[in-house]
Amino acid sequence: MPNVLKEMPAPGVAKLQINRPDVLNALNMEVRHELDAALADCAADPETRAVVLTGNEKAFAAGADIKEMAKAGPVELHALGIEQFWQNLAAFPKPLIAAVNGFALGGGFELALACDILIVGEKAQLGLPEVRLGIMPGGGGTQRLLRACGKYIALRYVMTGDRFSGIKAGELGLASEVVEDEQVLPRAVELAESLAALPPLSLAKIKESVLQGMEAPLNAALKQERSAYYLLHASEDKFEGMAAFIEKRPANFKGK
Ligand code: HXC
């Protein structure tokens, strides 16, 4: 059985489901490799315009696989090339929605934090408990949490390793939407389907502008936004979008 299942639940939408239910979807090297490959396929496939990343009702992912990590030293961990996985994830060019139910802990929460939009179930349990294992977050957790909710909230949760609920995640600004647990996946797919109907080049440039802008001084970020904006005026989808508005008909965006 694959560790990552792929299906197309709606036009233009790929759903990637982490599938290690016996260990609450703990992320071992196989999961990372399969996820990396599945995301690369989604990036290359023009029919895929948005991706939903999910787990099951018990766990999005309960972190890196502790049994695998327990045996490894820094040299082995480095040689596994885990950084490349996180870099590829961060560079994924299409809308990536995390649909989070159950546990999203450690590397599992970091995986969600690397997505663009988080749909979180009310009863989900999120957190970065690495400190309790004598390590710390290593998949972007300290930095993405800091940037998403500020120093005092980030340190409060990363230093203690305390978990918090989906409802609390919403209050902390760590969720795009908090919904009833049963609604997480349908809502994520619905949102992905609406994104899949929008012009892919606009979405790619919006994502790029927001993510690059988080790392840049305001003036540089505004400059980057402006050049992306001008570039879109050269796209066929710009002419289609504006013509459709003027002609009072739905637009048919092609990603050109
Ligand atoms: C390996 C895991 C696991 C993990 C759960 N399991 N989390 N195996 N790695 N991260 C396994 C358990 O060993 C157990 O297997 C089965 O899943 C069910 O888990 P239980 O503990 O029995 O379930 P429960 O009592 O409901 O408790 C759930 C839990 C707990 C609170 C989520 O499992 C837990 O604390 N897990 C570890 C969470 C964690 O510390 N994550 C951070 C990892 S470090 P068996 O075989 O016993 O049935 C990390 C670093 C990231 O993520 C760095 C990125 C580069």
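Counting starts at 1 for both ligands and their atoms, in listed order.
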Just jot down the ligand 1 atoms closer than 4.0 angstrom to any heavy atom of Trp86, in number order.
55 (C)
Would you kindly specify which portion of Met69 sits under 4.0 Å from ligand 1, judged on non-hydrogen atoms: side chain, backbone, both or neither?
side chain
Checking Glu34 side chain against Val4 main chain: does a donor-acceptor pair fall under 3.5 Å?
yes
Could you list the donor-acceptor pairs under 3.5 angstrom formed between side-chain atoms of residues 105-113 and any protein atom two or more places apart in sequence or on another chain?
unit_1	atom_1	unit_2	atom_2	d
Glu110	OE1	Gly139	N	3.4
Glu110	OE2	Gly138	N	3.4
Glu110	OE2	Gly139	N	2.8
Glu110	OE2	Gly140	N	3.3
Glu110	OE2	Gly141	N	2.7

Heavy-atom distances under 4.0 Å are what count here, so tell me which part of Ala64 touches ligand 1: side chain, backbone, both or neither.
both
Side chain or backbone of Ala62 under 4.0 Å from ligand 1, or both, or neither, by non-hydrogen atoms?
both
of all protein heavy atoms, closest to atom 9 (N) of ligand 1 is Ile66 N, 2.9 Å
CD (Glu180) with more than 12 external heavy atoms under 6.0 Å
no
Atom 39 (C) of ligand 1 within contact range, any protein heavy atom under 4.0 Å
yes
Do side-chain atoms of Asp181 reach the backbone of Lys123 as a donor and acceptor pair under 3.5 angstrom?
yes
Nearest protein heavy atom to atom 7 (N) of ligand 1: under 4.0 Å?
yes
Tell me if a side-chain donor or acceptor on Arg163 pairs with a main-chain N or O of Gln125 at a distance below 3.5 Å.
no
Proximal ligand 1 atoms for Gly106, defined as those under 4.0 Å from one of its heavy atoms
42 (C), 52 (O)
Show me which atoms of ligand 1 lie under 4.0 Å from any heavy atom of Gly107.
49 (C), 51 (C), 52 (O)
Can you find a protein heavy atom under 4.0 Å from atom 17 (O) of ligand 1?
yes
For atom 33 (O) of ligand 1, which candidate among Ile82, Leu24, Val23 provides the closest heavy atom?
Leu24
Using modelled atom types and a 3.5 Å cut-off, is there a donor and acceptor pairing between side-chain atoms of Glu68 and backbone atoms of Asp65?
no
Give the atom numbers and elements of ligand 1 that come within less than 4.0 Å of a heavy atom of Arg163.
31 (C)
Less than 4.0 Å between a side-chain N and a carboxylate O, is that true for Arg187 and Glu182?
no
Close side-chain approach of Val51 to Phe92, heavy-atom, < 4.5 Å:
yes
Can you check whether Arg49 reaches Leu195 side chain to side chain, under 4.5 Å on heavy atoms?
no
Would you say Ile82 and Arg32 make side-chain contact, with heavy atoms under 4.5 Å?
yes
Look at atom 26 (O) of ligand 1 and say which protein heavy atom is nearest, naming residue and atom and giving the distance to 0.1 Å.
Phe103 CE1, 4.2 Å
Nearest non-hydrogen protein atom to atom 46 (O) of ligand 1, with distance, is Lys67 NZ, 3.6 Å
Do Leu133 and ligand 1 have an N or O pair less than 3.5 Å apart?
no
Protein heavy atoms near atom 43 (C) of ligand 1, is at least one of them under 4.0 angstrom away?
yes
With heavy-atom distances below 4.5 Å as the criterion, would you say the side chains of Tyr157 and Phe164 are in contact?
yes
Proximity to ligand 1 by part of Glu68, non-hydrogen separation under 4.0 Å
neither
Should you measure from each heavy atom of Glu110, which atoms of ligand 1 turn up under 4.0 Å away?
51 (C), 53 (C), 54 (C)
Taking the six-membered ring of Tyr230 (Phe, Tyr or Trp), confirm whether the NZ or CZ of Arg226 is under 6.0 Å from its centre and within 45° of its axis.
yes
Could any protein non-hydrogen atom be found less than 4.0 Å from atom 35 (O) of ligand 1?
no
Short question: side chain of Asp237, backbone of Pro199 - any donor-acceptor pair under 3.5 Å?
no
Enumerated ligand 1 atoms positioned under 4.0 Å from heavy atoms of Asp22
16 (C), 17 (O)
Counting from 1 in the order shown, the ligand 1 atoms closer than 4.0 Å to a non-hydrogen atom of Leu105 are 32 (C), 38 (C)
